[in-house]
Amino acid sequence: MMELGLVSKDTTWWIFTLPAFFGSKSLLDGYVLFSLCMAFLSLALLTWAFAVGGIAWKNGRNRKGSLSIPGPRGLPIFGSLFTLSRGLAHRSLAAMAWSRSNTQLMAFSLGSTPVVVASDPHTAREILTSPYFSDRPIKQSAKSLMFSRAIGFAPNGTYWRLLRRIASSHLFAPKRMIAHEAGRQLDCTIMLRNIANEQKLHGFVSLRKHLQFAALNNIMGSVFGKRYDQEKDSEELEELRDMVREGFELLGAFNWSDYLPWLSYFYDPFRINQRCLKLVPRVRKLVKGIIEKHQQLNESEKLSDNADFVDVLLSLDGEEKLQEDDMVAVLWEMIFRGTDTTALLTEWVMAELVLRPEVQSKLQLEIDSAVTDKSLTDADVAKLPYLQAVVKETLRIHPPGPLLSWARLSTSDVQLSNGMLVPANTTAMVNMWAITHDPHVWDDPLEFKPERFLVANVDVRGGDLRLAPFGAGRRVCPGKNLGLVTVNLWVAKLVHHFKWVQDMDAHPVDLSEVLKLSCEMKFPLLALALERGGALLP
Ligand code: HEM
């Protein structure tokens with residue numbers, strides 16, 4: 001497998017050479033050591049002072065094209081690590097790019113890692129669709145959690161192309177998405193009942209836990225063909241939730257050693273390595289157990305359209321056949337990607353609707369007139385333009401991955417049309433949040449106005465870089481259709497069955513963000529869910 005440059009460099013040599021200096025009798029130890037340190041420090045300062053973009057851009061790395069890539073120096077050694085390691089990185093980067101007019105491309109350093117960030121649609125397209133940006137830099141935690149064998153982090157090559165082919169022609173094939181609709185409906189029905197019960201019991205609803213449970217069950221159903229009952233399966237469910245939570249924390253944690261490899265020898269505040277080592281056997285045991293059960297049950301059966309992902313992977317033959325450990329990685333990744341994104345996007349939509357009763361009423365009117373006596377289906381939902389517009393406007397204001405979640409890595413020098421050249425081995429980010437909030441790209445970017453999408457038909461699936469919350473190009477999100485179909489159906493049903501009202505005194509809606517693996521509401525949405533007369537619960 002190809003090694004990615006970020007953490008693999010040999011940085012151990014100095015550990016072995018330093019003791020030689022300390023032990024030396026022939027040198028005037030203290031003086032020589034002090035001079036060496038001073039020389040090293042001066043060199044570092046000089047390199048930093050002349051490197052636009054910071055220390056990782058030394059030796060004119062940013063000046064290889066006819067136009068050089070501008071950017072902040074940050075601090076010596078650390079570059080811009082302190083700015084990005086806390087708070088809302090997408091907002092800090094947008095402020096930096098806007099204040100310096102560096103929206104096309106800005107260079108900066110994360111420790112010894114050279115990074116560029118694009119904050120305009122044109123450069124973003126060039127980066128995301130370039131074949132030389134089809135790799136990803138891999139974090140230590142992702143590597144330890146086996147994700148380098150899953151779709152999201154596998155390096156661009158035969159194996160990754162095979163996984164993408166399996167994803168598009170088997171896992172996310174349109175016939176399979178249609179066949180899994182019954183499961184989406186079932187999870188939603190259970191969610192609506194639980195919401196109604198909570199409203200009766202407490203007088204208000206905390207929506208997040210319902211969405212998270214529905215999303216987890218929905219993805220477990222599609223991937224493993226297994227759905228949980230909150231009461232009967234509470235123990236197993238808690239174990240699964242705990243593993244997912246731990247995985248999210250490990251993948252989402254900002255690990256300084258990813259950018260300063262030498263730090264890993266003495267600084268690991270999150271105990272990332274130890275925790276990964278503990279989690280992997282638990283994941284393997286769970287997933288392998290499920291694979292074995294499928295093997296016992298399905299040996300002679302023909303694969304049906306509503307087969308789950310395990311059945312699909314087990315049915316593959318010839319060059320498509322995956323090793324068992326690779327299957328574990330692919331299946332586990334689906335759980336990670338598929339659960340939080342759909343739940344948190346639905347929560348953002350509902351928060352905007354609670355804050356805007358007029359938008360909610362307009363949506364209810366659209367749904368009521370399209371559906372009379374039957375339950376809403378995916379096909380009905382696809383014909384509701386205002387609903388699509390509301391979801392798109394939420395994706396614009398609150399993209400779940402404001403920096404598109406995972407960065408890209410250049411595999412050779414890439415010449416951009418504006419004259420800038422991004423050297424090989426550079427990490428590239430796209431600040432989708434900056435693009436969707438840029439007044440040069442969107443009129444009134446801070447206003448929540450779904451109507452803008454009724455006049456302009458914007459493709460959010462990667463075709464229009466003014467709004468590409470699922471990325472674009474070869475590594476575009478393979479689950480985008482599943483994500484959109486799920487969120488659209490759930491929002492339609494939540495709004496059809498309940499009137500959502502803000503509890504101004506006790507639980508005012510707060511749209512503050514927190515950036516973890518994805519960007520979610522800092523304070524979970526609490527609102528009144530009043531059952532609507534015409535729409536009886538299923
Ligand atoms: C609202 C829902 C979702 C959003 C906003 C979203 C967003 C994204 C983004 C921004 C990327 C990176 C794309 C790029 O680099 O160009 C991505 C990659 C990916 N997503 Fe999604 N996603 C969603 C739902 C899902 C679902 C439901 C699944 C699967 C069950 C999924 C599986 C993946 C995988 C496997 C990748 C890695 C693709 C690769 O590197 O080749 N996503 N997603």
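Counting starts at 1 for both ligands and their atoms, following the listed order. Just so it is clear, the model here is predicted, and its values are computed rather than measured.
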### Task
Flag the pair L192 / L494 as yes when at least one side-chain heavy-atom distance between them is below 4.5 Å, and no otherwise.
yes

### Query
What part of F336, side chain from CB on, backbone N/CA/C/O, both or neither, has a heavy atom under 4.0 Å from ligand 1?
neither

Among protein heavy atoms, which lies nearest [atom], and at what distance?
atom                    : answer
atom 37 (C) of ligand 1 : G152 CA, 3.5 Å
atom 13 (C) of ligand 1 : R475 O, 3.3 Å
atom 16 (O) of ligand 1 : R408 NH2, 2.7 Å
atom 1 (C) of ligand 1  : L345 CD2, 3.7 Å
atom 7 (C) of ligand 1  : P469 O, 3.6 Å

Expected output: side-chain [X] to main-chain [Y] donor-acceptor under 3.5 Å:
X    : Y    : value
E366 : L387 : yes
S119 : A94  : no
R408 : A428 : no
S412 : A424 : no

### Those residues that, when tested against F453, pass ring-ring contact (aromatic ring centres under 6.0 Å, His included) (two or more places apart)
W442

### Task
List in chain and number order the residues that pass ring-ring contact (aromatic ring centres under 6.0 Å, His included) with F309, two or more places apart in sequence or in another chain; answer none if no residue qualifies.
F172

### CG-CD1 distance between L286 and I291, expressed to the nearest 0.5 angstrom
10.0 Å

### Task
Could you name each residue pair satisfying ring-ring contact (aromatic ring centres under 6.0 Å, His included) that touches residues 109-138, not counting sequence neighbours?
none

### Query
At their closest point, which heavy atom of E320 faces which heavy atom of L162, and how far apart are they?
CA-CD1, 3.7 Å

Please identify which atoms of ligand 1 are closer than 4.0 Å to at least one heavy atom of [X].
X    : answer
W160 : 41 (O)
E333 : 35 (C)
I219 : 30 (C)
A472 : 16 (O)

### Task
Decide whether K493 and S375 meet the rule of one side-chain donor and one side-chain acceptor closer than 3.5 Å.
yes

### Task
Could you tell me whether D444 and R452 have a side-chain N and a carboxylate O separated by less than 4.0 Å?
no

### Query
Does F153 have a non-hydrogen atom less than 4.0 Å from ligand 1?
no

### Query
Among the heavy atoms of L484, does any lie under 4.0 Å from an atom of ligand 1?
no

### Query
Mind counting the protein N, O or S atoms sitting less than 2.8 Å from atom 21 (Fe) of ligand 1?
1

### Task
Nearest heavy atom to atom 41 (O) of ligand 1 wins, so pick from R164, R474, M334.
R164

